[in-house]
Amino acid sequence: MTETTSPKPTKKVFIKTYGCQMNVYDSERMKDVLAPIGYGPVDGPEGADLVVLNTCHIREKATEKVYSELGQIKRQKAKTGGKMIVAVAGCVAQAEGEEIMRRAPVVDLVLGPQAYHKLPEMIARVHRNTGERLETEFDTMEKFDALPKQRSVDGPVAYLSVQEGCDKFCTFCVVPYTRGAELSRPVDDIVMEARNLAAQGVREISLLGQNVNAFHGAAPQVEGGEDWTLGQLCRHLAKIGGIERIRYTTSHPRDMDDDLIAAHGDTPQMQPFLHLPVQSGSDRILKAMNRGHTADEYREIIRKVREAQPDVALASDFIVGFPGESDEDFEATMQLVRDVNYAIAYSFKYSPRPGTPAAEMFGHVPEDVKDARLQALQKLLREQQTAFNKSKIGQTVPVLVTGRGRLEGQAHGRSPWMQAVHFDGPAELTGKIVDVKVNGATMSSLSGELIRAREVAL
Ligand code: 5AD
Ligand code: SF4
């Protein structure tokens with residue numbers, strides 16, 4: 001499924017994406033910007049005319065990966081006689097700017113997350129060997145307005161960015177500095193993009209934002225009035241024909257309002273899955289992180305969500321070894337995990353980020369203590385994830401088929417709870433929602449037997 005108005009590709013672009021779903025979305029949009037000037041995507045840097053690294057700055061490791069990748073790219077560029085254009089995009093570009101070109105002269109272009117629509121113009125400047133090679137202005141709305149209205153999609157699942165940036169300033173996090181202030185797109189623009197996706201066969205959309213439930217987009221022009229909340233937006237998108245599943249990520253506990261929680265119970269398209277990062281279970285640490293809520297307030301939100309949608313699967317992010325974290329604080333995190341019982345969670349060792357308040361705090365936790373805590377937490381989370389997956393054995397679950405499975409004759413899809421599901425079935429089912437009886441589960445996926453393809457004769 002591709003856009004029909006672009007010329008046949010004459011040049012190759014390789015885009016490597018690091019980090020969050022926001023970057024995945026942005027990489028897709030960069031492809032849309034590049035298609036009209038003749039660039040078609042390829043799977044590796046070998047022989048590419050353009051290489052874009054869409055980078056992540058969230059933890060030190062993520063940033064370092066970019067520089068080591070640039071070392072590899074340098075060799076590839078030499079093989080093209082130096083013709084390959086190398087661009088660094090994303091949050092490292094935003095945070096480090098010109099420093100990247102100093103540290104890695106192989107880089108021709110540096111562009112921050114708000115500048116992707118300028119990519120063709122920047123490539124032209126490289127060819128002419130004139131003009132600015134760095135674009136790190138913050139103008140989120142200009143980016144959204146300037147990106148092509150058409151999107152090329154790849155399969156029945158798509159991301160749709162509804163807001164960017166963050167004003168929360170958690171003391172450990174670089175996002176407010178790299179992605180800028182919170183900004184929501186107008187509802188009309190989002191609906192247009194969603195309709196366009198549905199028309200191209202998308203059945204499931206994931207609404208994206210660094211703080212997606214802080215969404216407050218301008219109401220549809222015909223209706224006017226106050227900005228809409230995420231709950232209102234989801235209910236509205238649910239009415240678009242073809243959109244069968246709606247998700248959103250990532251949320252902040254402080255913005256989890258009652259209407260959004262209610263929508264989980266009364267809007268069938270809202271999938272029973274909520275990624276609601278808590279970071280820590282200790283009130284002292286939550287305060288030092290500037291999260292703006294206590295562990296019990298978080299537990300209360302979870303209680304309300306489960307009341308509205310008892311079937312919901314919960315996900316979270318955790319940081320261990322935040323400055324000042326004692327054994328007791330860490331135990332409070334373990335207790336919160338036991339209380340909530342997660343379907344999946346992501347956990348990280350605290351990584352000091354230059355320019356953030358936490359990096360200057362006292363009481364940095366030794367690396368070996370961080371390691372031990374991370375191991376203990378991940379063991380518990382793995383047990384919960386496996387138990388959650390196994391709880392589906394024997395159930396018949398609706399699976400949105402996303403493509404061919406790894407083995408011959410197998411298809412692959414996604415459950416309402418974000419689990420990967422494999423079953424024997426034809427790849428032609430791609431884009432359909434089918435019933436699969438689950439008969440096996442591991443920590444990372446489910447397997448089952450095709451019972452019924454709801455919309456097709458088998
Ligand atoms: N160190 C470790 N983890 C971090 N995260 C954000 N900043 C840091 C940091 N400095 C984690 C948080 C966030 C996820 C995207 O990354 O858990 O929710
Ligand atoms: Fe970072 Fe906190 Fe904003 Fe999330 S809410 S993006 S962790 S500052």
Side-chain angles (χ1 to χ4, degrees), residues 17-25 55-65 90-92 94-95 113 138 140 161-184 208-216 230 248-256 274-282 285-293 297-298 301 314-325 330 333 336-337 340 342 344-361 363-365 367 369-371 373-374 377-378 381:
T17 310
Y18 300 81
C20 66
Q21 290 98 334
M22 208 76 172
N23 273 7
V24 176
Y25 175 84
T55 62
C56 172
H57 195 54
I58 200 104
R59 287 169 292 274
E60 194 182 356
K61 243 196 214 160
T63 309
E64 281 313 310
K65 266 193 213 157
C91 293
V92 176
Q94 189 66 41
F138 275 124
T140 314
S161 174
V162 302
Q163 72 83 235
E164 274 206 36
C166 181
D167 297 333
K168 294 285 191 295
F169 289 94
C170 298
T171 53
F172 52 81
C173 185
V174 288
V175 166
Y177 311 96
T178 55
R179 292 274 176 165
E182 199 277 327
L183 195 135
S184 298
L208 287 187
Q210 258 95 28
N211 237 241
V212 71
N213 56 345
F215 175 81
H216 57 96
L230 187 65
Y248 56 93
T249 198
T250 296
S251 301
H252 194 293
R254 257 154 69 189
D255 295 314
M256 209 59 219
L274 177 64
H275 184 201
L276 195 64
V278 65
Q279 315 295 355
S280 168
S282 152
I285 298 296
L286 287 169
K287 190 152 193 270
M289 287 176 163
N290 190 32
R291 293 288 293 175
H293 63 84
E297 282 162 355
Y298 180 85
I301 296 166
L314 293 160
S316 186
D317 294 351
F318 294 93
I319 295 178
V320 299
F322 185 82
E325 187 187 70
F330 176 64
T333 299
L336 181 77
V337 173
V340 174
Y342 289 99
I344 188 163
Y346 307 92
S347 46
F348 313 98
K349 286 191 283 184
Y350 170 70
S351 164
R353 308 308 289 128
T356 58
E360 310 296 321
M361 286 179 186
H364 279 269
V365 175
E367 225 29 52
V369 177
K370 284 189 199 171
D371 278 329
R373 288 183 187 161
L374 188 67
L377 176 62
Q378 290 189 336
L381 291 170

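When a ligand or atom number is given, it counts from 1 through the structure's own listing order.
Contacts between Lys349 and ligand 1 below 4.0 angstrom, taking non-hydrogen atoms only, involve the backbone exclusively.
At least one side-chain heavy atom of Asp255 sits less than 4.5 Å from a side-chain heavy atom of Asn211. Residues Leu208 and Val162 form no side-chain contact, since every pair of their non-hydrogen atoms from C-beta on lies 4.5 Å or further apart.
Closest of all the heavy-atom pairs between Ala288 and Met361 is O-CE, 3.4 Å.
The single protein non-hydrogen atom nearest to atom 6 (C) of ligand 1 is Ile58 CG1, 3.3 Å, given as residue, atom name and distance. With hydrogens left out, the protein atom closest to atom 15 (C) of ligand 1 is Asp317 OD2, 3.7 Å, a heavy atom. Here the protein heavy atom with the shortest distance to atom 7 (N) of ligand 1 is Phe172 CD1, 3.3 Å. If you check which protein heavy atom lies closest to atom 16 (O) of ligand 1, you get Arg59 NH1, 2.8 Å. When only non-hydrogen protein atoms are considered, atom 17 (O) of ligand 1 lies nearest to Gln279 OE1, 2.6 Å. From the protein, the heavy atom lying nearest to atom 10 (N) of ligand 1 is Ser351 O, 2.8 Å.
Tyr177 and Phe169 have their aromatic ring centers within a separation under 6.0 angstrom.
For the pair Thr55 (side chain) and Val92 (backbone), a donor-acceptor distance under 3.5 Å is present.
Taking the six-membered ring where tryptophan is involved, the planes of His364 and Tyr350 are tilted, since the angle between them lies from 30° to 60°.
In this structure, a donor-acceptor pair under 3.5 Å is absent between the side chains of Ser161 and Gln163. Judged by distance alone, the side chains of His57 and Thr178 never bring a donor and an acceptor atom under 3.5 Å apart.
Less than 2.8 Å away from atom 2 (Fe) of ligand 2, the protein contributes these N/O/S atoms: Cys170 SG.
Both tests pass for Arg59 against the ring of Phe348: distance under 6.0 Å to the centre and angle within 45° of the axis.
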